[in-house]
Amino acid sequence: MEERGGCNNNKSSSSSSPKGKRDDIYHVLHKVPFGDGPYVRAKHAQLVDKDPEAAIVLFWKAINSGDKVDSALKDMAVVMKQLDRSEEAIEAICSFRSLCPKQSQESLDNVLIDLYKKCGKLDEQIELLKRKLKLIYQGEAFNGKLTKTARSHGKKFQVSIKQETSRLLGNLGWAYMQKLNYIMAEVVYRKAQLIDPDCNKACNLGLCLIKQARYEEAQLILNDVLEGKLPGSDDGKSKKRAQDLLTELRSLLPAPHLSDILTLDDEFIKGLEQMMNQLGPVRSKRLPIFEEISSFRDQLAC
C-alpha cells in the first residue's frame with residue numbers, strides 16, 4: 001500500500017510539472033504576468049484577447065484598487081493612444097501620477113512626451129523636455145545612477161546619461177522645428193551632436209539649415225551622412241533621407257544667371273597668358289603642310 005501510495009504521489013507530482021511548464025510558457029509567450037488581480041486581467045485583455053476597450057476598464061480598476069498603479073497607468077495610456085484617446089491618457093497620467101512611486105516618474109514623463117507629440121501639444125512637450133534636461137543637469141535623473149535599463153521591441157539595453165541627454169535634445173530640437181523656430185532648433189541640434197552624434201540628428205540639422213536657406217552648410221552635413229562619417233551611417237533609411245534632403249536642397253538653389261556663366265575667370269586667363277609666354281612666339285601662322293601645298297601649286301602654275 002505504501003509503495004502504491006508512493007507511486008501515486010510521484011505520478012501526481014510528475015503530472016503537475018508539465019502543467020506548470022505549460023503555464024510558464026503561456027505567460028512568456030503572451031507576456032502576461034502571473035496572478036489574478038485587475039492588472040493581470042487587464043494585460044490578458046490587452047495582449048491575449050486583443051480587446052483594448054475591456055483592457056482600459058480593467059486598468060482603471062487596477063488603479064482604483066491600488067494594484068500596480070504605475071504599470072497600470074502607463075499601460076492604459078499606451079492603449080488609449082492606440083485608440084486615439086491621447087487627450088484622455090494625458091489627463092489620467094497628470095491626475096494619478098502622484099499615486100506612483102518616485103522611481104516610476106521618469107518613465108511616466110516619457111509616456112507623456114509621446115502623448116504630447118501625438119496631440120500636437122508643442123509647448124507642453126518643450127516644457128517637459130526642458131524639465132527632464134534640468135534634472136540631468138542637477139544630477140537627479142536615472143534616480144542618481146549613471147545608466148538605466150531601457151526596453152525596445154522586447155529587448156533590454158543600457159542607456160547612459162550622455163545618450164539620454166542627446167536623445168532629449170534631439171526631441172527638443174524637433175519640437176522647435178514644428179514651431180518653425182529654426183534658430184533654437186539649430187542650437188539644440190548642434191548641442192546634441194556634440195554630446196552624442198548620429199545620422200538621424202544630422203539629417204534633422206540639415207533640414208533645419210535648409211529651412212534657413214543656408215544650403216552650403218546643410219550640404220556639408222548631409223554629405224557627412226552619405227560618406228559614412230557619423231554613427232549610424234550604415235543605416236539605409238538615414239542615407240536615403242540624406243539623399244532626399246540633398247535633392248530637395250538642389251531644387252531650391254537659384255538657377256545660374258547667363259551673366260554668371262559668361263563671366264571671365266581672371267585667374268584662369270592670367271595663368272593661360274603665362275603658359276603662352278613660356279611656350280615662346282609662334283614661328284608661322286601656317287602649318288608646314290600648307291607651305292608645301294603652296295609651293296607645289298606655284299610649280300603647276302608655271
Side-chain angles (χ1 to χ4, degrees), residues 86 113-130 132-133 162-279 282:
S86 296
I113 288 171
D114 286 339
L115 292 169
Y116 286 147
K117 191 182 297 185
K118 176 79 172 179
C119 296
K121 293 180 176 290
L122 295 173
D123 291 333
E124 291 86 346
Q125 185 182 348
I126 289 171
E127 187 62 32
L128 182 51
L129 287 166
K130 284 182 176 179
K132 287 176 72 66
L133 286 164
K162 186 172 75 170
Q163 291 170 323
E164 179 70 359
T165 304
S166 182
R167 183 186 73 83
L168 292 173
L169 286 170
N171 287 338
L172 183 58
W174 188 250
Y176 278 125
M177 287 280 286
Q178 305 314 300
K179 286 181 70 71
L180 309 183
N181 190 343
Y182 301 123
I183 295 175
M184 276 301 299
E186 179 192 350
V187 171
V188 171
Y189 276 132
R190 289 192 184 278
K191 293 287 186 184
Q193 287 295 81
L194 285 173
I195 295 170
D196 188 35
D198 65 47
C199 284
N200 182 53
K201 291 192 291 290
C203 288
N204 289 339
L205 177 56
L207 175 60
C208 181
L209 293 169
I210 289 173
K211 295 294 184 181
Q212 299 178 70
R214 291 159 60 186
Y215 302 126
E216 290 185 7
E217 294 175 71
Q219 187 169 2
L220 289 173
I221 290 170
L222 295 172
N223 282 339
D224 284 346
V225 176
L226 294 175
E227 293 170 8
K229 295 181 179 180
L230 292 169
S233 295
D234 54 347
D235 179 24
K237 291 182 180 179
S238 294
K239 284 193 172 183
K240 184 180 184 306
R241 188 175 178 222
Q243 188 61 63
D244 290 344
L245 286 170
L246 277 175
T247 302
E248 178 186 345
L249 184 155
R250 294 184 185 114
S251 70
L252 295 171
L253 291 173
H257 195 271
L258 183 61
S259 61
D260 296 331
I261 299 174
L262 298 179
T263 298
L264 293 176
D265 187 337
D266 293 337
E267 289 297 324
F268 174 73
I269 296 297
K270 185 178 179 180
L272 187 60
E273 288 176 353
Q274 290 176 352
M275 183 185 72
M276 296 300 293
N277 291 334
Q278 289 176 359
L279 291 175
V282 180

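The figures here come from the full heavy-atom set of this structure, side chains too, leaving out hydrogens, waters and symmetry mates.
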Next on the checklist: With a 4.5 Å cut-off on side-chain heavy atoms, are T247 and L249 touching?
Outcome noted: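 A side-chain contact is absent here, since even the closest heavy-atom pair is not under 4.5 Å.
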Checklist entry - R214 versus E186: any side-chain heavy-atom pair under 4.5 Å? => result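 The answer is yes; the side chains approach within 4.5 Å.
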Checklist entry - Less than 4.0 Å between a side-chain N and a carboxylate O, is that true for K118 and D114? => result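 Judged by the 4.0 Å cut-off on N to carboxylate O distance, D114 and K118 do not form a salt bridge.
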Please round to the nearest 0.5 Å and tell me the distance separating atom [atom1] of [X] and atom [atom2] of [Y].
X: W174; Y: L129; atom1: CH2; atom2: CG; result: 14.0 Å
X: Q212; Y: Y182; atom1: CD; atom2: OH; result: 9.0 Å
X: L252; Y: R250; atom1: CG; atom2: CZ; result: 12.0 Å

Checklist entry - Around atom CD of Q178, are there more than 12 heavy atoms of other residues, nucleotides or ligands at under 6.0 Å? => result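 Yes, CD of Q178 has more than 12 neighbouring heavy atoms, counting only those of other groups under 6.0 Å.
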Item to check | salt bridge (charged side-chain N to carboxylate O under 4.0 Å, His left out) partners of residues 165-178, not counting sequence neighbours, each pair once | outcome: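 Qualifying pairs, neighbours excluded: E164-R167.
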Checklist entry - What do the steps show when you test T165 against L169 for side-chain contact (heavy atoms from CB on, under 4.5 Å), and what is the final call? => result CA-CA 6 Å; T165 304; L169 286 170; 4.1 Å; yes
Item to check | V188 to G173 - nearest heavy-atom pair and separation | outcome: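 Closest pair (atom of V188, atom of G173, distance): CG1-N, 3.6 Å.
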Checklist entry - Looking only at heavy atoms, which two atoms of Q125 and N171 are closest? And how far apart? => result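 Shortest heavy-atom contact: NE2-O, 4.2 Å.
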Checklist entry - Between I183 and N181, does a side-chain contact (heavy atoms from CB on, under 4.5 Å) hold up when you go through it step by step? => result CA-CA 6 Å; I183 295 175; N181 190 343; 4.2 Å; yes
Using a 3.5 Å cut-off and no angle test, enumerate the donor-acceptor pairs between side-chain atoms of residues 195-210 and protein atoms at least two apart in sequence or in another chain.
residue	atom	partner	partner atom	Å
D198	OD1	N200	N	3.1
D198	OD1	K201	N	2.8
D198	OD2	K201	NZ	2.4
K201	NZ	S166	OG	3.0
K201	NZ	D196	O	3.2
N204	OD1	R241	NH1	2.8
N204	OD1	R241	NH2	2.7
N204	ND2	Y189	OH	3.4

Per-pair distances, 0.1 Å, donor-acceptor, side chain in residues 220-229, under 3.5 Å, sequence neighbours excluded:
residue	atom	partner	partner atom	Å
N223	ND2	Q219	O	3.2
E227	OE1	K229	NZ	3.1

